[in-house]
Amino acid sequence: MKIGAFAELTGISAYTLRYYEKKGLLFVKRDQNGCRNYLAEDREWVQFLCKLKATGMLLRDIKRYAQLRYNGDGTIAERLV
């Protein structure tokens, strides 16, 4: 799914989605032309990011959590700290 459609689906602007990607909060797959290709799991993650922000979690902590998440299930124990 392209960024415009994904923005409409999530209610988060394309600008904010690009910002999340730039800050290392969101890692989006790209097609052969370099265009972002959002998947269903990206929607779930963005919804979770919004929940983390709503708790008052600091951006640096959300970024760390995001990096751990994208590193896989081997980081679950570390994410719980």
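Keep in mind the model is a prediction, meaning the values are calculated, not measured.
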If I take atom [atom1] from residue [X] and atom [atom2] from residue [Y], how far apart are they, to the nearest 0.5 angstrom?
X: Asp61; Y: Leu58; atom1: CG; atom2: CG; value: 5.0 Å
X: Met1; Y: Thr10; atom1: CE; atom2: OG1; value: 9.0 Å
X: Lys63; Y: Gln67; atom1: NZ; atom2: CD; value: 5.5 Å

So, the side chain of [X] versus the backbone of [Y]: is there a donor-acceptor pair under 3.5 Å, distance only?
X: Asp31; Y: Asn33; answer: yes
X: Thr75; Y: Glu78; answer: no
X: Asn37; Y: Lys29; answer: no

May I ask whether [X] and [Y] are part of the same hydrophobic cluster, defined by side-chain heavy atoms of I, L, V, M, F, W, Y residues being less than 4.5 angstrom apart, directly or through others?
X: Tyr19; Y: Leu26; value: yes
X: Tyr70; Y: Leu68; value: no
X: Leu39; Y: Ile3; value: no

[X] versus [Y]: any side-chain heavy-atom pair under 4.5 Å?
X: Arg30; Y: Cys35; result: no
X: Arg43; Y: Gln47; result: yes
X: Phe6; Y: Val46; result: yes

Of the non-hydrogen atoms in [X] and [Y], which two are nearest, and what is the gap between them?
X: Lys53; Y: Tyr20; value: NZ-OH, 3.2 Å
X: Ala66; Y: Gly24; value: CB-O, 3.8 Å
X: Ala14; Y: Ala7; value: N-CB, 3.7 Å

Working for side-chain contact (heavy atoms from CB on, under 4.5 Å), residues Arg79 and Arg69: CA-CA 8 Å; Arg79 287 184 249 167; Arg69 177 197 178 258; 4.1 Å; yes

Passing candidate, side chain to side chain contact (heavy atoms under 4.5 Å, CB included) with Leu17, options Leu25, Asp42, Ile12, Val28: Ile12

Exceeds 12 heavy-atom contacts within 6.0 angstrom, atom CD of Glu21: yes

Aromatic ring pairing Tyr65/Trp45, orientation class (parallel under 30°, perpendicular over 60°, tilted between): parallel

